[in-house]
Amino acid sequence: MYDVIVIGGSYAGMAAALILGRARRKVAVLDTGLRRNRFAEASHGLLGQDGMAPEAIAGNAKEQLLKYLTVAWIDGAAVSAEKTGEAFSVRLEGGDILSSKLLILAMGVRDELPDVPGLAERWGKSVFHCPYCHGYELDRGPLGVLACGEISMHHALLIPEWGPTTLFLNGAFEPGEEQLNQLRERGVKIERERVSEITGKAGVKLEDGRTIELAGLFVASRTTPSSPLAEELGCEIAESPLGLYVNTNDMKETSVNGVLACGDLARAAGNVTFAISDGALAGLSAHRSLIFGHT
Ligand SMILES: Cc1cc2nc3c(=O)[nH]c(=O)nc-3n(C[C@H](O)[C@H](O)[C@H](O)COP(=O)(O)OP(=O)(O)OC[C@H]3O[C@@H](n4cnc5c(N)ncnc54)[C@H](O)[C@@H]3O)c2cc1C
């Protein structure tokens with residue numbers, strides 16, 4: 001019996017396991033290795049690791065984590081989890097079952113992109129959702145926002161900080177008078193012609209045959225939890241304009257006793273820094289529960 005099983009061994013999950021390993025608690029980390037930022041060559045904005053490859057940051061963290069003798073690493077998916085009496089049972093894809101006193105869910109989220117040919121192939125390379133992560137490198141070149149609904153107003157007003165911006169409405173919504181004024185004030189160009197394809201580095205090809213060459217294109221992906229485990233355990237799910245996430249309190253406890261959640265899975269919008277911070281908090285919170293019990 002483990003003290004804690006951590007499902008998801010990326011930034012959030014490893015940060016949680018590190019705290020628990022340092023308290024000499026028995027922890028198992030289950031991981032399928034599909035970090036959300038695996039499409040990008042470099043990760044930006046994490047203090048002390050800015051510009052490093054995502055796999056290098058995670059690889060370094062894993063190497064340090066596995067020096068703690070009470071931490072076990074298992075490559076593979078958790079396919080189901082349930083509470084059996086006071087403990088949790090987690091079934092692995094190979095059929096093995098592990099049990100623990102507490103569960104930490106750190107499975108991250110999946111990004112759904114609008115169905116535009118050429119968009120998905122450029123995700124993390126010249127198509128992004130987060131200007132704080134990748135805007136600086138675009139070097140104040142021409143930028144675009146591909147609208148997926150009114151949510152894209154936020155992007156369209158923000159992105160001019162990083163370069164002259166065109167909002168491609170693509171039939172997703174029509175800005176009202178006030179929104180048009182806001183866009184004008186921020187110097188955003190509006191393109192109403194439908195987008196047929198993304199070509200070259202970040203060329204937006206329109207149905208009328210024109211192609212607008214950009215340094216980078218931003219799009220608000222819709223996020224859903226990477227796995228249905230939290231929902232199956234009965235954890236309360238919340239919805240933000242960007243998608244679904246697991247609801248937690250300030251100590252990263254979900255609505256189900258003994259189940260904590262952290263990282264992108266448990267916040268409306270995330271990045272590596274927040275995932276690490278949330279993971280550390282979840283690890284600490286789980287450790288407190290092992291000693292003092294949980295509500
Ligand atoms: C294209 C792109 C670029 C980005 N660039 C940056 C950047 O430059 N800087 C930055 O700060 N943030 C960036 N982000 C955001 C960053 O990727 C996330 O905030 C961060 O990865 C969240 O960490 P996490 O640990 O919560 O989840 P993730 O890193 O997504 O990890 C979840 C882990 O859980 C595993 N998993 C899922 N289901 C199971 C299961 N059933 N069993 C076992 N394991 C499972 C997955 O394989 C994965 O390893 C970027 C995101 C994208 C999409």
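Both ligands and their constituent atoms are indexed starting at 1 by order of listing. What's counted below: heavy atoms across the whole structure, side chains too, no hydrogens, waters or symmetry copies. Fair warning: this is a prediction, and the values are worked out from it, not measured in the lab.
For atom 11 (O) of ligand 1, the nearest protein heavy atom (residue, atom name, distance) is V272 N, 2.9 Å. Counting protein heavy atoms only, atom 25 (O) of ligand 1 is closest to A12 N, 2.9 Å. In terms of protein heavy-atom proximity, atom 17 (O) of ligand 1 is closest to N37 CB, 3.1 Å. The single protein non-hydrogen atom nearest to atom 31 (O) of ligand 1 is S10 CB, 2.9 Å, given as residue, atom name and distance. Scanning all protein heavy atoms for the shortest distance to atom 8 (O) of ligand 1 gives H44 N, 2.8 Å. Of all protein heavy atoms, the one lying nearest to atom 46 (C) of ligand 1 is T32 OG1, 3.5 Å. What sits closest to atom 49 (O) of ligand 1 on the protein, heavy atoms only, is D31 OD1, 2.7 Å. What sits closest to atom 13 (C) of ligand 1 on the protein, heavy atoms only, is C133 SG, 3.6 Å.
Distances shorter than 4.0 angstrom occur between a heavy atom of S43 and an atom of ligand 1. Using a 4.0 Å heavy-atom cutoff, L30 is listed among the residues neighbouring ligand 1. For G76, the heavy-atom gap to ligand 1 drops under 4.0 angstrom. Within the 4.0 Å heavy-atom shell around ligand 1 one does not find L265. Heavy-atom distances between G33 and ligand 1 reach below 4.0 Å in at least one pair.
Contacts of D111 with ligand 1, taken as heavy-atom pairs under 4.0 Å, involve the side chain alone. Contacts of D278 with ligand 1, taken as heavy-atom pairs under 4.0 Å, are absent altogether. Counting heavy atoms under 4.0 Å from ligand 1, residue W123 touches it through the side chain alone.
Under a 3.5 Å cut-off, the side chain of N170 and the backbone N or O of V195 do form a donor-acceptor pair. Checking side-chain atoms of R210 against main-chain N and O of L206 turns up no donor-acceptor pair under 3.5 Å.
Heavy-atom contacts of N271 reach the following atoms of ligand 1: 10 (C), 11 (O), 12 (N), 19 (O) (cutoff under 4.0 Å). Residue contact check: A106 has heavy atoms under 4.0 Å from atoms 32 (C), 33 (C), 34 (O) of ligand 1. Counting the atoms of ligand 1 from 1 in the order shown, those under 4.0 Å from a heavy atom of G263 are 26 (O). Within ligand 1, counting atoms from 1 as listed, the ones closer than 4.0 Å to a heavy atom of R36 are 17 (O), 21 (O), 28 (P), 29 (O), 30 (O), 52 (C), 53 (C). Listed by atom number, the atoms of ligand 1 under 4.0 Å from G270 heavy atoms are 19 (O).
Nearest to atom 38 (N) of ligand 1 by heavy-atom distance, out of H134, R267, M107, is M107. Proximity annotation for atom 24 (P) of ligand 1: of G13, A58, A275, P54, A275 comes nearest, heavy atoms only. Of the listed residues (A77, A78, A16), the one carrying the non-hydrogen atom nearest atom 41 (N) of ligand 1 is A78.
Some N or O of D264 is nearer than 3.5 Å to an N or O of ligand 1, by distance alone. Considering backbone and side-chain atoms together, L34 places an N or O closer than 3.5 Å to an N or O of ligand 1.
D31 meets the side-chain hydrogen bond (donor to acceptor under 3.5 Å, both in side chains) test with no other residue; sequence neighbours excluded.
Among all heavy-atom pairs drawn from L260 and T254, the shortest one is C-CG2, 3.9 Å. Of all non-hydrogen atoms in S89 and I97, the two that sit nearest each other are CB-CG2, 4.0 Å.
Taken to the nearest 0.5 Å, the CD1 atom of I7 stands 10.5 Å off from the OG1 atom of T32. Here I104 contributes atom CD1 and L30 contributes atom CG; the two are 12.0 Å apart, rounded to the nearest 0.5 Å. The distance from the CZ atom of R186 to the CG atom of N181 is 14.5 Å, given to the nearest 0.5 Å.
No side-chain heavy atom of S100 sits less than 4.5 Å from a side-chain heavy atom of V4. Contact check for W73 versus M14: side-chain heavy atoms found under the 4.5 Å cut-off. Between L167 and T165, every side-chain heavy-atom pair lies at or beyond the 4.5 Å cut-off. Side-chain contact check for P225 versus L244: some heavy-atom pair is nearer than 4.5 Å.
For the residue pair R22/Y68, the side-chain donor-acceptor check at 3.5 Å is satisfied. Judged by distance alone, the side chains of N37 and Y11 do bring a donor and an acceptor atom under 3.5 Å apart.
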Taking only distance into account, with no hydrogens and no angle test, what donor-acceptor pairs under 3.5 Å do side-chain atoms of residues 146-156 form with protein atoms, sequence neighbours excluded?
{"residue": "E150", "atom": "OE2", "partner": "Q179", "partner atom": "NE2", "Å": "3.1"}
{"residue": "S152", "atom": "OG", "partner": "C148", "partner atom": "N", "Å": "2.9"}
{"residue": "S152", "atom": "OG", "partner": "G149", "partner atom": "O", "Å": "3.4"}
{"residue": "H155", "atom": "NE2", "partner": "H129", "partner atom": "O", "Å": "2.7"}

